[in-house]
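For reference, the structure discussed in these notes is given below.
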Amino acid sequence: MRKSVIAGNWKMYKTVTEALEFFSKVEFAGKTDRVETVVCAPFVALPALVQETKASGIRIGAQNMHWEEEGAYTGEISPSMLTALGVTHAIIGHSERRAYFAETDESVRLKTRSALDHQLTPIVCVGETLEEREAGRTRELVREQVVAAIRGLSSEEACRLILAYEPVWAIGTGRSATVEDATDVIRFIRKSVADQFDQQVANEVRILYGGSVKPDNIQSFLDTDEIDGALVGGASLDPSSFARLVEVAAQRGDLG
Ligand code: PGA
């Protein structure tokens, strides 16, 4: 059975002090060790958070990275800088980065490749805009993004991937996708992975839903076997709401 994942994406929120305050307040009720719990924080908070969470089983992730090992890339952070800290995950190709920082399918491919080479777990984001959905292009777009990201990986590498289906129109809007729509696209993504590799790889890859996930709607997404967890922005910033998301995912683990 695939292990559930709850990944918080803090985006450009929280100073180091505020980030540490979050962890001083977050408390999980019940057994949450069946959930891969990740907080993807701003770069400057990563060293403190890795130290803070050492004994807890919570993993700390970055929200982006460069694909090169080192070099003249002013302002960038390399994968080995992240692993040297103890960071374990990196969000790759979030739609905000694609929209505002000119990330392309090709940069997403390079970063995914590089993250895996450095034993980082990439959380690769894909998803369509509202315009693309209304034009009936969701599947085509999502398949293109997935295929571009996984091109050239070995089966073993592909199995280590986490994919996140995040329809752009659902991010930060309070308007999540319906469970039916999310399930439909995620099933299609799994099929796209099977087409590129084989059914076994497709069965192992974790695929998350993201876009206005909250404590009061996460259960419905996790009720389907197809969705392996959530990538959460807004609702991951508050300690009690984040803890609730992890607890709901943990109950699902207990049922499995
Ligand atoms: P949201 O963001 O949960 O605030 O919609 C999700 C994301 O951007 O990953």
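Below, all heavy atoms of this structure are taken into account, side chains as well, without hydrogens, waters or symmetry copies. Counting convention: from 1, in listed order, for ligands and their atoms alike.
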Counting each atom of ligand 1 from 1 as listed, which ones have a heavy atom of [X] under 4.0 Å away?
X	answer
Leu231	9 (O)
Gly211	5 (O)
Lys11	2 (O), 7 (C), 8 (O)
Gly172	1 (P), 4 (O), 5 (O)
Glu166	6 (C), 7 (C), 8 (O), 9 (O)
Gly234	1 (P), 3 (O), 4 (O)

Side-chain H-bond candidate by donor/acceptor type, Ser78 with Glu70, under 3.5 Å =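 Result is no, nothing qualifies.
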Check this for me - ligand 1, [X], N or O atoms closer than 3.5 angstrom, yes or no?
X	value
Ala235	no
Gly233	yes
Thr173	no
His94	yes
Ile171	no

Which other residues end up in the same hydrophobic cluster as Phe101, if Ile, Leu, Val, Met, Phe, Trp and Tyr are linked when side-chain heavy atoms come under 4.5 Å apart?
->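 In the cluster with Phe101 are Tyr100.
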Answer yes or no: is there an ion pair linking [X] with [Y], defined by an N-O contact shorter than 4.0 Å?
X	Y	result
Arg109	Asp105	no
Arg190	Glu226	yes
Arg137	Glu131	no
Arg244	Asp216	no

Can Val168 be reached from Ile123 by stepping across I, L, V, M, F, W or Y side chains whose heavy atoms are under 4.5 Å apart?
->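 In one cluster with Ile123: Val168, no.
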Pick one of side chain, backbone, both or neither for how Ala170 approaches ligand 1, counting any non-hydrogen atom pair under 4.0 Å.
->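 Answer for Ala170: backbone.
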Identify the residue among Thr88, Ile60, Leu82 that makes a side chain to side chain contact (heavy atoms under 4.5 Å, CB included) with Val50.
->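 Only one of Thr88, Ile60, Leu82 forms a side chain to side chain contact (heavy atoms under 4.5 Å, CB included) with Val50, namely Ile60.
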